[in-house]
Amino acid sequence: MAQQPVEMILIRQWAAHLASSVWLMDAAGNLLYYNEPAEEILGLRFDEAGEIHADDLTELFHASNLDGSSLTNDELPVVKALMTQVPSHGQLRIRSGIGEWRHIEVTALPVVAAEDKLLGVIAIFWEVSE
Amino acid sequence: MRLWGTRGSLARSGPETVRYGGDTSAVEVRSTDGSLIVIDAGSGILRLGENLPEPPARIDILLSHLHMDHIQGLGFFTPLYSPDTEVHIWGPASATQNLRQRLTRYLSPPLFPVRLRDLEGVEVHNLYRGKMSLGDVAITADLVTHPGHTFGFRLEDPTGVLAYMSDHEPALGVDDFPASPEWTSGAALADNADLMIHDAQYTDEEYAQRPGWGHSTFGHAVAFAEMTGVSRMVTFHHDPSHSDDFLDLVTGSLHSDSVEIIPGMVGREFRLET
C-alpha cells in the first residue's frame, strides 16, 4: 500500500488548518496538495486540480516574471528549493488556465527528513498588493 | 506472540487492573526459526525475562520510541546481565543523538545505578525507517504519528504478518479519516496484516480533550484496522485510569464486520497461522 511519509502527512494536516497559502510537492516535483487560502490565489480548487504529476503542472499553472517575461521552471522558487535543497524566495506572477494573473511572493523550503532524505518542498506564498 | 505489558503511559498495579494488566508495553515474538524478538521494554519486560525457559543465545529488542513507559523495564531485564546472551537493542536516534546516547540519559546515574556502557554483550543499534531482517523475520519500521521519533513495526515471517503500533494517533488532523490510506500514518505498516496490536487509549470524550497527545481512541483503532484490511486487532496501551471493568465495557461495545477485535490482556498469546 502506497503511503506518504508521516512528515508529509503532518505537513498537509497542518497546512489545511492555516490561513496562509501553502503548496506541497514531493521529491519528484509532483504536486501533492494546496490549501484553501491557496485556492483563492490560484483560482482553482485543489479538488478540481488534484495531485498533479510534475510534467503536467505547467499545463495547469502558468508563471511569469513580474514584467510578463517568461520564467523557466528552474527559476521557480519551488523548483530551486527542490534541486538545491536550500530555501528559495522570490516574486512572480501566476495564473491557472485562463484566469487572472496574480502577483505573489513565495518562500519555498525543502522538507528534509532524518538521514538527509529529501521528501519534497513546502511553499508558503501570499499575494502582493499593487 | 505473547503480551507481557499492555498498559500505556504509566504502570498501574492494583486489583482493578489484574486482568488487562498493569505493566507497560512489552510483547514477546517468536518466529518459526526460534528467533526471539521483544517489542518495547516497558515494565512488562521484567516478567518476560524471569520466565524465559533458558537463556537464549540472542535476543533482539525493538524499541518503538523512548518514552519512559516503553523503556523503564530495560534495566531490569535479566538477560542484559547474562554473559551467555547477546542482546541487541534497536531504536530511534534523534536528529542529533544516536540511540546509545539517548538511552544513556536513563541508563545512568542519577536515574539508574547501572550504566549502559558497563553492560557487556549488549549492542545498541540506530533503527531507521526501512526494512531489515532478524532471523526469518522481515521487519519494516516506519515513523507514525506520535510525539517524537516513534516507530510502528511490521513483522513478517512464513506464517503471516504482525503490525505493531502501540502509540499512534492515526486521525490527528485528518478531517476525512479513515477515508484516505495514502494520507494516513501507519497504513502501509498495517496493510492486510493478520494481527495488529494498536493503541486504544482513549474514549471519544477523553480524546476530545487530548488531540495531538499521540494516542488513538478505541473507535479510531477499529476504523484504522478496517481501512487497512487487518484481520484481527488487539487493543493496547490501556490508559492508567481504565480499570478492567471499564475496559470490558468499552471493548465489548466495539463492533466490526471485518475485523476481529481482541481485548489486549496481559498473558494472552497469539499465533499468526490460522
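Side-chain atoms are counted along with the backbone in the values below, which use heavy atoms only and exclude waters and symmetry mates. Each chain gets a letter, A, B and so on, in the order the sequences are listed, and its residues count up from 1.
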(message) Within the supplied structure, the quantity of interest is the number of heavy atoms (other residues, nucleotides, ligands) at a distance under 6.0 Å from A/E48 CD; does it exceed 12?
(response) yes
(request) Decide if atom CG of B/D176 counts as having more than 12 heavy atoms of other residues, nucleotides or ligands within a radius under 6.0 Å. (result) yes
(message) Atom CD of residue position B/E206 - does it have more than 12 heavy atoms of other residues, nucleotides or ligands inside 6.0 Å?
(response) yes
(request) Below 4.5 Å from any heavy atom of chain B, which atoms of A/E115 appear? Answer side chain, backbone, both or neither. (result) side chain
(request) Tell me, for B/N192 versus chain A, whether the close heavy atoms (under 4.5 Å) come from the side chain, the backbone, both or neither. (result) neither
(request) Indicate the atoms forming the closest heavy-atom contact of B/W183 with A/M8, along with that distance. (result) CZ3-O, 3.6 Å
(request) Using non-hydrogen atoms and a 4.5 Å limit, figure out which bit of A/A113 sits close to chain B: side chain, backbone, both or neither. (result) side chain
(request) Would you mind telling me which of B/T150, B/T184, B/L143 makes a side-chain contact (heavy atoms from CB on, under 4.5 Å) with A/V6? (result) B/L143
(request) Answer yes or no: does atom CE of B/M68 have more than 12 heavy-atom neighbours from other residues, nucleotides or ligands under 6.0 Å? (result) yes
(message) Using heavy-atom distances under 4.5 Å, tell me whether A/L10 contacts chain B through its side chain, its backbone, both, or neither.
(response) side chain
(message) If you count every heavy atom of other residues, nucleotides or ligands that lies below 6.0 Å from B/R210 atom CZ, does the total exceed 12?
(response) yes
(message) If I measure from the heavy atoms of chain A, does B/A95 come under 4.5 Å with its side chain, its backbone, both, or neither?
(response) neither
(message) Using only atom types and a distance under 3.5 Å, with no angle test, would you say the side chain of A/Q3 pairs donor to acceptor with the backbone of B/S185?
(response) no
